[in-house]
Amino acid sequence: MAGVSCFAVPAHAQFNSVGMAVDRYKVKVIALDSGKTGAAAEDTFPAQDGTVADSIPALSAEAIKKVWVERYLSVSYPLCRVKITSPYGYRKDPFTGKKRFHNGIDLQARGEKVLAMMEGVVVKVGQDKSSGKYVVLQHGNYTISYCHLSRILTGKGAEIRPRDVVGITGSTGRSTGEHLHITCRLNGKTIDPLLFFNHIKSTQEKCVAALAGQ
């Protein structure tokens, strides 16, 4: 990734809007709803804190830059444009009108590529009446389900990297219209996917700030 040389976002921008030489890595977050996301879980994600220059002082400036770029590319938002239409938690069920717990988040989407957020393994693919066509990825102790897909573009056991395309958004299963439903679980228990999004945002902002300071 040494050829990636341009980050268009200021280090303190509210959302990441990144322009790069390769379209595969162009990610733009246009909206993230605020709200309670539970206890901070960043410490349970793969360690990415610390200063590269301090931990590896023998590296050249160019090598350190490459490390920061690779770290930036080690995480990804699930869509190239992210807008949350229904957050995690209790809401009015769109089918029954009754209050019901929503175990994930819904993202606005229309025929878009669904991207792996981190390196991992595909542990399940399938289709049912509720989730429609779905893909489940495992990232350490975390599993992430992408639901209501129109197409599945991976298979069980596949090793995936950040930004690998695992499916195409759709409206299969129990759905009122096309969108991407994401469910995250830590050790089998659902958590707010915004914790993952916040980890991605924090990681990328640290990398942008480090690269801007070189």
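Put simply, the side chain of His102 gets close to the backbone of Pro87: a donor and an acceptor are under 3.5 Å apart. Although no hydrogens or angles enter the test, the distance criterion places no donor-acceptor pair under 3.5 Å between the side chain of Glu62 and the main chain of Ile64. Without hydrogens or angle criteria, Asp192 side chain to Leu195 main chain gives no donor-acceptor distance under 3.5 Å. Checking side-chain atoms of Asn198 against main-chain N and O of Leu194 turns up a donor-acceptor pair under 3.5 Å. A donor-acceptor contact shorter than 3.5 Å is absent between the side chain of Gln108 and the backbone of Val82. The main-chain N or O of Leu115 is found under 3.5 Å from a side-chain atom of Tyr146 such that the two form a donor-acceptor pair. Under a 3.5 Å cut-off, the side chain of His181 and the backbone N or O of His179 do not form any donor-acceptor pair. Proximity of a side-chain donor or acceptor of Lys133 to a complementary backbone N or O of Ser150 within less than 3.5 Å is detected. Under a 3.5 Å cut-off, the side chain of Ser60 and the backbone N or O of Ala63 do form a donor-acceptor pair.
Taking the six-membered ring for Trp and thresholds of 30 and 60 degrees, Tyr142 and Phe196 have ring planes more than 60 degrees apart, a perpendicular arrangement.
When side chains are defined from C-beta on, Ile144 counts as touching Met117, because their heavy atoms get closer than 4.5 Å. Side-chain contact between Tyr72 and Val208 is present, with heavy atoms from C-beta onward closer than 4.5 Å. A heavy-atom distance below 4.5 Å is found between the side chains of Ser202 and Lys206. Under the 4.5 Å side-chain criterion, counting only non-hydrogen atoms from C-beta, His148 is in contact with Ser175. The side-chain heavy atoms of Ile168 and Leu149, taken from C-beta on, include no pair separated by under 4.5 Å. The side-chain heavy atoms of Leu107 and Ile182, taken from C-beta on, include a pair separated by under 4.5 Å. In this structure, the side chains of Tyr77 and Arg163 stay at 4.5 Å or more apart for every pair of heavy atoms. Taking 4.5 Å as the limit, every side-chain heavy atom of Arg185 sits out of range of all side-chain heavy atoms of Ile191.
Nearest heavy atom pair, residue Asp128 against residue Ser130, reads OD1-N, 3.0 Å. Summarising the geometry of Trp68 relative to Ala210, their closest heavy-atom pair is CE2-CB, 3.3 Å, with the distance given to 0.1 Å. Considering all non-hydrogen atoms of both residues, Arg71 and Thr203 come closest at O-CG2, 4.0 Å. Between Ala109 and Leu180, the shortest heavy-atom distance links the atoms CB-N, 4.2 Å. Residues Ser74 and Pro162 come closest through the heavy atom pair O-CG, 3.2 Å. Here the closest heavy-atom approach between residue His139 and residue Ile160 is recorded as CE1-CD1, 3.9 Å.
Note: the hydrophobic cluster containing Tyr134 does not contain Ile152 (ILVMFWY, side chain heavy atoms under 4.5 Å, direct or indirect links).
Checked against ring pair (Phe, Tyr, Trp, His ring centres under 6.0 Å), Phe101 has the following partners two or more places apart in sequence or in another chain: Tyr88, Tyr90.
Within 6.0 Å of the CZ atom in Arg174, the count of heavy atoms belonging to other residues, nucleotides or ligands exceeds 12.
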Legend entry - side-chain contact (heavy atoms from CB on, under 4.5 Å) evaluation trace for Leu137 with Val121: CA-CA 6 Å; Leu137 307 181; Val121 177; over 6 Å; no
Legend entry - Stepwise side-chain contact (heavy atoms from CB on, under 4.5 Å) test for Val75 and Glu119: CA-CA 8 Å; Val75 292; Glu119 183 177 347; over 6 Å; no
Legend entry - Step-by-step side-chain contact (heavy atoms from CB on, under 4.5 Å) determination, Arg91 to Ser86: CA-CA 8 Å; Arg91 66 170 186 175; Ser86 185; 2.7 Å; yes
Inset, instruction - Determine, step by step, whether Thr169 and Glu178 satisfy the side chain to side chain donor-acceptor pair (under 3.5 Å) criterion, reporting the C-alpha distance in whole Å, the side-chain angles of both residues, the deciding distance to 0.1 Å, and the verdict. - result: CA-CA 7 Å; Thr169 61; Glu178 185 172 349; 2.9 Å; yes
Legend entry - side-chain contact (heavy atoms from CB on, under 4.5 Å) between Val125 and Val136, worked out: CA-CA 6 Å; Val125 298; Val136 182; over 6 Å; no
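Rounding to the nearest 0.5 Å places CG of Leu186 at 6.0 Å from CG of Asn141. Here the straight-line distance linking atom CG of Asn103 with atom OG1 of Thr190 works out to 6.0 Å at 0.5 Å rounding. Distance check, rounded to the nearest 0.5 Å: CG of Leu79 to NZ of Lys113 gives 12.5 Å. Of the inter-residue distances, the one linking Lys65 atom NZ with Cys207 atom SG reads 13.5 Å to the nearest 0.5 angstrom.
Between Lys83 and Asp106 there is no salt bridge, since no side-chain nitrogen of the basic residue lies less than 4.0 Å from a carboxylate oxygen of the acidic one. A salt bridge is defined here as a Lys NZ or Arg NE, NH1 or NH2 lying under 4.0 Å from an Asp or Glu carboxylate O, and Glu205 with Lys201 meets this definition.
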